[in-house]
Amino acid sequence: YADRKMLLEKDVDERQIVALMSPGPGGAGPSFATTNAAAVFQITAGTEQSGTYTSAALDSSQVSRFGTFRWRGDVPRRGAVRFSFRSGMSAEPDRTWSPWTEPKEGEELSLSDVPRGRYVQWRAELKAGDDAGSPQLYGTELSYRQENLRPKIDALVALDPGQILVPANFNPSNQVYEPAHPNRDGIFTSLTNAADDDSGGRTKPLWKKGFRTLRWTASDPNGDQLRYDLWFRPVDSPAAEKPGDDSGWLKVGDELKDDYYSFDSTVLPDGVYRFRLVASDQPSNEPDTVQTADRVSDPVVVDQSPPVLEKTERDGARLRVRVRDAASPIREAVYSLDATEWKPALPADGLLDGKTETLTIDPAKDGKAATASTGGLLLLRVTDAAFNVSTFNLSQPQQR
């Protein structure tokens, strides 16, 4: 120490000292031995005239192009500070890194000759000046710009028919909305409170008959803002039948900012469609560096046609009813006797999963039969997977 203040004399990689020896002859300083790794060091007499400082590897998070290096400090007369730089893709410098590059001297150094990489490291070689004065560094700045990488679309899905997403503060006016889907607990339904928000307070799900909603998850590795274009085409279009044919797409919406899109599907004929989402980072980049990504959805069925009644057979009070749907499987069949609660109409094969189903209804189990003579009302309500509903009056014998 000098003036009773501690001074850093040496800094070595080895961290475990096992022996300390007295100063040697000629004014040399003490010696010490280390392990892990094993070495012997001796502090020489006098002051070092030069030294090197190597920074830690700086992480730019993505592959980047390096710009300008600025430094602040004092250099004594006839002293010198010389900088060099290298870059690589690994967090720890290894043989895959570039060689050290020395730009021209100055307070602002251009790193245009340093190869692109995710990590960069700088090195300062310091040389003492007159009267053993040492250069001093107060601060450094290194600018970089990440390479623009393509966005990523992780998912593109279609919600259930009729389900839409709206902002959490959405207040419908002069339109009918329901919270999730029609209530099937009774013959009459009414609107209830909106469903709980399922997206962090941004949106809430509502129901609007005839609408479809596409929802997606996308991200950008550079953190850029994204905009979306949405397209569609029928799966049986001529272009869709040719592998690799990218034509025939028709635009649904462009410059979309949200991660969902709800639309009135009644504008499309019944059929099967695919939707294509294109994500662009254009809002955050120059035109010549814009990157895009696209994803095509699984087939989406557009079905506005309700089930139809094909045939009714009676065996006393018992009925066998055949119903059919053109595009979607039957998902629910219930009957009501004299406007009482809905009860399941049992499928003949035990499973309600086909486009055509034969249903068994036995009103006698309710204590009476619904016939024209008794004036009873027997209703059958059938719903397909697209939530199209048909209600049939089975009170009168029918010949089909």
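In what follows, every heavy atom counts, from backbone to side chain, and hydrogens, waters and symmetry copies are set aside.
At a cut-off of 3.5 Å, with distance as the only test, no side-chain donor of Asp281 or Asn222 sits close to an acceptor on the other residue. In the model, Thr54 has no side-chain atom that pairs as donor or acceptor with a side-chain atom of Arg123 under 3.5 Å. Using modelled atom types and a 3.5 Å distance limit, the side chains of Asn148 and Thr289 yield no donor-acceptor pair.
Among Phe66, Phe69, Tyr144, the single residue meeting the ring pair (Phe, Tyr, Trp, His ring centres under 6.0 Å) criterion with Phe85 is Phe69. Under the side chain to side chain contact (heavy atoms under 4.5 Å, CB included) rule, Pro151 has a single partner from Leu226, Thr292, Val278, which is Leu226.
Listed by first then second residue, pairs satisfying side chain to side chain donor-acceptor pair (under 3.5 Å) with a partner in residues 85-94 read Arg86-Gln121, Ser90-Asp94, Ser90-Trp97, Asp94-Thr96, not counting sequence neighbours.
Hydrophobic clustering (ILVMFWY, side-chain heavy atoms < 4.5 Å, transitive): Tyr228 and Val290 are in distinct clusters. One hydrophobic cluster, built from ILVMFWY side chains closer than 4.5 Å, cannot hold both Phe211 and Val157; they sit in different ones. Hydrophobic clustering (side-chain heavy atoms under 4.5 Å, transitive across Ile, Leu, Val, Met, Phe, Trp, Tyr) keeps Val252 apart from Val296. By the rule that hydrophobic residues join a cluster once side-chain heavy atoms approach within less than 4.5 Å of another member, Ile330 and Val302 end up as members of separate clusters.
For Trp216 and Tyr261, the ring centers sit 6.0 Å or farther from each other. Here Phe275 and Trp231 keep their ring centres 6.0 angstrom or further from each other.
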Could you walk me through whether Asn388 and Ser328 pass the side-chain contact (heavy atoms from CB on, under 4.5 Å) check?
-> CA-CA 9 Å; Asn388 298 304; Ser328 303; 5.5 Å; no
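With hydrogens and angles ignored, the 3.5 Å screen pairs a side-chain donor or acceptor of Ser265 with a backbone N or O of Gly210. Remark: side-chain polar atoms of Thr35 are not paired, donor with acceptor, to backbone N or O of Ala37 under 3.5 angstrom.
No more than 12 heavy atoms of other residues, nucleotides or ligands shown are found within 6.0 angstrom of NZ on Lys242. Heavy-atom contacts from other residues, nucleotides or ligands closer than 6.0 Å to CG of Asp349 number more than 12.
When side chains are defined from C-beta on, Ile164 counts as touching Lys208, because their heavy atoms get closer than 4.5 Å.
Between Asp220 and Lys152 no salt bridge is recorded (no basic side-chain N to carboxylate O distance below 4.0 Å). Between Arg116 and Glu147 there is a salt bridge, since at least one side-chain N of the basic residue sits less than 4.0 Å from a carboxylate O of the acidic one. At a threshold of 4.0 Å, the pair Asp59-Arg118 counts as salt-bridged, since one of the basic side-chain nitrogens sits closer than that to a carboxylate oxygen.
Using cut-offs of 30° and 60° for the angle between ring planes, the Phe32 and Phe41 rings count as parallel.
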